[in-house]
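Throughout, numbering of the chain's residues begins at 1 and tracks the sequence. Whatever order the structure lists them in is the order used to number ligands and atoms, beginning at 1. If you're wondering where the values come from, they're calculated on a predicted model, not measured in any experiment.
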Amino acid sequence: MDKPFIVALDFSSKEEVWSFLQLFSDTSLFLKVGMELYFQEGPTIIDELKQRGHHIFLDLKLHDIPHTVKRAMKGLAKLGVDLVNVHASGGCAMMRAAVEGLEEGTPPGMKRPRCIAVTQLTSTNERMLHDELLIDRTMNETVLHYAKLAYDNGLDGVVCSAKEVPLLRATFGSSFITVTPGIRFADDQADDQVRIVTPNQAKQRGTNYIVIGRSITKAHDPYAAYERLKQEWDGGQ
Ligand code: C5P
């Protein structure tokens, strides 16, 4: 998990995945498999990606009763992925159950997948927080509170917007990882994302990993877009 860039494989079939990855020749990437791809292709896609040398963030955002989450995580741990996640809003017992399930399911000699919690989706803004979720706090207070629940219950980090990373760093230190979607190049569309930043802004804020999807997958030249991402991260805009 050394690369700070996680490319979201938001495709619905293996064929689309292979034609996308062909553009990167043999480069080993850190890839995010989400619901769209996993629900179509199942565990075999994970195995095939791993055999090609890629690292995997399995982004299924579990949110259910603790018993169900524990058993689901036990199964996911067997896939040998690097990173999985839950929604922090599932509560403390559910988050502890997720980690227990991963520990039980990790085969001997393998490292247990790291488990992170989604604080608030990067497509959520303050108005939605107040009017739809009836949360009467600011976004920062809410993200900080959910992150504290994750931290106190043994999770390895959180998914949040890069905008919130400095606050989380100051509170939980550098070993609690932050994974931040909502990344766009300065000249990109926001699409359905709301709390967005550029790759370099995310780096300046101290994030560990950025998740980037459409800015690469839908680019005219995805390989060039990935190279631009690396350049901007290393000191561009
Ligand atoms: O295309 P885009 O860069 O917006 O893709 C972002 C990816 O990150 C999507 O796969 C989305 O499901 C995921 N994600 C997110 N916000 C979160 C957690 C995951 O956008 N809080």
Atom 18 (C) of ligand 1: nearest protein contact (heavy atom, Å):
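Residue, atom and distance for the closest contact: Lys61 CE, 3.4 Å.
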Looking only at protein heavy atoms, which one is nearest to atom 3 (O) of ligand 1, and what is the separation?
Gly213 N, 2.8 Å
Would Lys230 and Asp234 pass as an ion pair if we require N to O under 4.0 Å?
no
Heavy-atom gap [X] to ligand 1 smaller than 4.0 Å:
{"X": "Lys32", "answer": "yes"}
{"X": "Arg184", "answer": "yes"}
{"X": "Asp191", "answer": "no"}

Find all atoms of ligand 1 within a distance of less than 4.0 Å from any non-hydrogen atom belonging to Val211, and give their numbers and elements.
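Those qualifying, in numeric order: 7 (C), 8 (O).
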Counting only heavy atoms closer than 4.0 Å, does ligand 1 sit against the backbone of [X], its side chain, both, or neither?
{"X": "Val159", "result": "side chain"}
{"X": "Arg214", "result": "both"}
{"X": "Thr122", "result": "both"}

Taking atom CZ of Phe5 as the centre, report whether more than 12 heavy atoms of other residues, nucleotides or ligands fall under 6.0 Å from it.
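Yes, because the 6.0 Å sphere around CZ of Phe5 holds more than 12 heavy atoms from other groups.
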Testing the basics here: between Gly182 and Thr122, what is the closest heavy-atom pair and its distance to 0.1 Å?
N-OG1, 4.0 Å
Cluster link Leu167 to Leu149, ILVMFWY, side chain under 4.5 Å:
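Leu167 does not cluster with Leu149.
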